[in-house]
Structure formats: structure tokens, C-alpha cells
2 protein chains.
Amino acid sequence: MHAAARRSVVNGRRRLAEAVDAAAKVFARRGYHGASTQDIADVLGMRQASLYYYFESKEAALEAVIRVAVEDYASRALRIARKETSASEKVAALIRTHLAPMVERVEYSRVFLGERRFLQDPARKRIRAMELRYERIIQRVMAEGVASREFRADLDTRLAMLALLGLGNSAAAWFGREPGMDFERITAGYADFLVRSFRTTH
Amino acid sequence: MHAAARRSVVNGRRRLAEAVDAAAKVFARRGYHGASTQDIADVLGMRQASLYYYFESKEAALEAVIRVAVEDYASRALRIARKETSASEKVAALIRTHLAPMVERVEYSRVFLGERRFLQDPARKRIRAMELRYERIIQRVMAEGVASREFRADLDTRLAMLALLGLGNSAAAWFGREPGMDFERITAGYADFLVRSFRTTH
DNA sequence: AATTTTCCCTATTGCATTATAGAATAGACT
DNA sequence: AGTCTATTCTATAATGCAATAGGGAAAATT
């Protein structure tokens, strides 16, 4: 009688996704260690112990959130990197895809950026490896921009990569809270900043 | 007999500073909620309860750390903003002062950036007010650069301010861990990035 | 209709953690 | 010598929290 109305045919994977969403929201707001499994259960309208039907442990919930957050990043970056466009357009596209998830799910980005360090070693290293792969793809775009003389010869490609990620990631901190700063304004502005500073001056 | 050797005339304020240092180190590593007062006491070589001689509460320790981290930021920025130099030089100087504390005390920066949100409302609003003051000073430098035609007329000064802080803050995440990325390389590179993208193209 | 599976519940254990109370020790001061 | 003050200690209260065990009802499957 309790959960009768909630149950339906559609609720196969949906409820699990809701649980991950709830975890993301709570972890983003209170931080991993500051959040209790009770908090997550509250969002879902269930008992604290019932959460353990969906997650083996609190940390497993964190891993699930982070997995969603990190998903597809590298593959989308690779797709951009392989295109037959200018390096400038690639940089702009990279910033766009990097910020895109923030529109629909900032909480995931925030949890990834701030809480991933609390993962234990098997999962942590997997995530770190995916990050490195992502970073290398971005840096190669910079390097190819230099090689084709579209970007200045003295460009520090590693720092350029860190700058792109730094700009993108820092937006997660205030995205949705800075009035007037919508997706278009941010991505267009940041892409413009980056491209202007990377291009050869003539 | 226990703490005899440690005690001396010099240890007036020094021990408190050590306690704040210990808190900064532990909060930076484990996060505010992930850190226990026991962890901090361990660093100091004292008992958990003894910490309460220096801090009223765990949160008071956090506030002490953050206060140190936030100290002087606005005043140093203001000193730069008032100088009779070009806007470009001001931007470069702003990046430098922003990153300077990271050399000697990254932990403080990290705690400020990641844990300040856990402060309760009296302290939290005070910190936020100081941040806003800092942001306004930076943005005004951008605006004056536009007014003097040193920076492009279409520069989004608010986004430019966020970009400067974003670049600076993101460095706190990897400062000291990215091989080869020393203070000079970062500050010079970032200053260069910013100035190139802000300047009028002619 | 019978059985299995899904999903949530109640109840509880065990541990970690913040904070308080009050005592002890040693150096500074009179 | 005797008192005061700073600093740390022991002991403990009080709570919050992750996780386990086992049950039960509805839905799906046979």
C-alpha cells in the first residue's frame, strides 16, 4: 500500500536514475562528507535504509554520480578534435561541450569537481585516467593549432589546456547564480577569450 | 613533563598560528566535514579535547583558516587598481597577487575555495561581502581599460573579471602537483592570455 | 493460481565524532 | 614560598550516522 502508486511499468531503471539524481543534488549542496544517506533518502521520500537497495554503500552512490558526470567527456572531445575545422573552432567547440552538461545538471559537475578526491583507490584511478585522456586530447588540439601556424609559435600548450579547463570548471561554481550569465554569453565569451589569446598576431 | 620542552617565551601567539596551520592542512586534505578534530590534534601532537583551548568549535577553526586566506586580498587589489599604470599591467599584477598566496600556503586557498560554503550565516555573509568587494575592484580595472581604449570596446568586463578569477582559482586545484608549472610560468602565461584577449586589435 | 522478483519497510548494531567538565602541570609573577 | 595563569590532560556525555538483518506487500512471471 505504501509505494503502490509510485510503481509502474516504466519504473525499471528510472528509480535508480532518480536515486543518482538525488545523491548528486545532496552531494553538491552539502559535500560528500557533509551529506548523510538520510538526506538523500529524504529527497526520494524513502527511508534511509531503503537507499541500500540502490547503492551498496554511500561511496558507491558518489561513484555513480561521478561516473555520470565524467561520461562521454573524452569521447565528445575526441569527436571534436578529429573534425576538419580550424583549431579556433575546435577550441570554441571544446568549451561548449565542456560547459554543456552544466545547463541540465550542474550538480553533477560540482560533485565531480569537488568530491571526486574522496573516492577510494580503485575507482579514483579509473576516473583520473579518463581525466588525463581528456586533457591530452585538448592539449593536442592546442599543439596542432601551433603546428598549423594558426596559433602562436610560443604558445604554452599545456598551460593553454589548463586555462581552457580552468575557465570551464570555474564556471561550475557560479553557474546559475550569476545573474545574466547564461550559457551563450559564457561559452561565446570564453571561446572568444581563448581564441584571441592563442591566435598569431599579425 | 609532557609539554615542557615545547613551552617557551616565544610561544605566545605562535601555538595558535600552528593550530590554524594544522586546521588548514587537514581541512584542505580531507575537506571540512571529512576532517575530524582528532585529525587536527594529531598534527599538533595534542589530544583532541585540547584543541578546544584554541577554538570554540570546529567551525571556529574553519573560520580562522578562511579569515587568513581572505585577508588582504581586497586591499592589495585596491592598491594595484589605484596605481598609475596601464590596465594591462594592472591585470598582470592582479593575477600575480591572486596567485601569490598559493606558493606559501595553498592549503589556505583550497580551504577558502572549497569549504567556505560550510560556514554558517554570520561569518558566511561577512566573507561573501569581502569577495564582492574584491570582484568589484577587479571589474572596475577592466572597465577602465575599456574606457581608456586600451581594451576592446566590446569587452564583457564582468565575464573578464570572472575569467581572471576562474583562471587564478583553478590553479589552486593543481598547484604544486603539475610538474613544471611554477609560479612564474603560470602567472606570466595567464597574464599574457588575459591581456591578449582584452586588448584592442589593431 | 502459484511463485518469484522488485522495492521498500522496521528495528537495531556499532562506531565515530563533537563538545563539556574538571583536574594536573609548569612557568611567570609577587 | 605561594599564587596565578596558560596549556594540556583524562574521562565522558550525547548524538549522529553508515550499514545489516529480516520482513512484507505489490507487481511481474510462470
Side-chain angles (χ1 to χ4, degrees), chain A residues 1-27 29-66 111 115 118-120 123, chain B residues 1-23 25-27 29-65 111 115 118-120 123:
Chain A
M1 204 203 274
H2 275 114
R6 241 175 276 126
R7 204 90 54 87
S8 84
V9 195
V10 205
N11 286 0
R13 275 92 184 188
R14 184 167 237 159
R15 193 67 172 149
L16 174 60
E18 283 176 5
V20 179
D21 270 359
K25 180 179 288 187
V26 171
F27 287 155
R29 175 159 293 134
R30 305 220 204 279
Y32 175 65
H33 287 295
S36 68
T37 53
Q38 179 68 64
D39 294 331
I40 301 173
D42 286 347
V43 172
L44 291 163
M46 64 169 60
R47 300 288 177 169
Q48 178 261 338
S50 305
L51 254 192
Y52 285 76
Y53 176 74
Y54 296 100
F55 304 114
E56 267 194 2
S57 64
K58 187 185 173 186
E59 197 187 330
L62 175 63
E63 198 182 335
V65 172
I66 287 179
V111 173
E115 320 296 324
F118 298 126
L119 281 177
Q120 300 283 83
Chain B
M1 203 201 275
H2 274 113
R6 241 175 277 126
R7 204 90 55 85
S8 83
V9 195
V10 204
N11 286 1
R13 274 94 183 185
R14 183 167 237 159
R15 192 69 172 149
L16 173 61
E18 283 176 5
V20 179
D21 270 359
K25 180 179 290 188
V26 171
F27 287 155
R29 175 160 291 134
R30 305 224 204 277
Y32 174 65
H33 287 296
S36 68
T37 53
Q38 180 67 65
D39 293 332
I40 302 173
D42 285 347
V43 172
L44 292 164
M46 64 169 60
R47 299 287 179 170
Q48 178 263 338
S50 304
L51 255 191
Y52 286 75
Y53 175 75
Y54 296 100
F55 305 114
E56 268 194 2
S57 64
K58 187 185 172 186
E59 197 187 331
L62 176 62
E63 197 181 337
V65 172
V111 173
E115 319 298 324
F118 298 126
L119 282 177
Q120 300 283 85

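FYI, side chains are in, hydrogens and waters are out, and symmetry mates aren't considered; it's all heavy atoms of this structure. Order of the sequence lines sets the chain letters (A, B, ...), proteins ahead of strands, with each chain counted from 1.
Atom CZ of Arg30(A) is separated from atom P of dG16(D) by 14 Å (rounded to the nearest Å). What separates NE2 of His33(A) from C1' of dT17(C) is a distance of 14 Å, to the nearest Å. Counting to the nearest Å, the C1' atom of dC9(C) and the CZ atom of Arg15(A) are 13 Å from each other. Protein atom CZ of Arg47(B) is 9 Å distant from nucleotide atom P of dA11(D), rounded to whole Å. Between the CD atom of Glu18(A) and the P atom of dC7(C) there is a distance of 12 Å, given to the nearest Å. In this structure, CE of Met46(B) is placed 20 Å from P of dA24(C), rounded to the nearest angstrom. Rounded to whole Å, the distance from CZ on Phe27(A) to P on dC17(D) is 13 Å.
Rounding to the nearest 0.5 angstrom, the gap separating the OH atom in Tyr54(B) from the CD1 atom in Ile40(B) is 13.5 Å. Distance check, rounded to the nearest 0.5 Å: CG of Asp21(A) to CG of Leu44(A) gives 9.0 Å.
Contact between the side-chain N/O atoms of Ser50(B) and the OP1/OP2 oxygens of dT7(D) is not found at any separation under 4.0 Å.
Under the side-chain contact (heavy atoms from CB on, under 4.5 Å) criterion, Tyr52(A) pairs with Thr37(A), Gln48(A), sequence neighbours left out. For Lys25(A), the side-chain contact (heavy atoms from CB on, under 4.5 Å) partners two or more places apart in sequence, or in a different chain, are Arg29(A). With sequence neighbours excluded, no residue satisfies side-chain contact (heavy atoms from CB on, under 4.5 Å) with Ala17(A).
Nearest heavy atoms, Val111(A) versus Ala24(A): CG2-O, 3.5 Å. The two residues Ala61(B) and Phe27(B) make their nearest non-hydrogen contact at C-CE1, 4.0 Å. Among all heavy-atom pairs drawn from Ala64(A) and Phe55(A), the shortest one is CB-CE2, 4.1 Å.
Within the structure, salt bridge (charged side-chain N to carboxylate O under 4.0 Å, His left out) contacts touching residues 32-60 of chain A (residues at least two apart or in different chains) are Arg30(A)-Asp39(A).
Taking every side-chain heavy atom of Ala49(A) into account, dT10(C) is the closest of dA18(D), dT10(C), dT20(C).
For the contact set between residues 51-65 of chain A and DNA chain D, defined by any heavy atom under 4.0 Å, the members are Tyr52(A), Ser57(A), Lys58(A). Within residues 34-41 of chain B, no residue has any heavy atom closer than 4.0 Å to DNA chain D.
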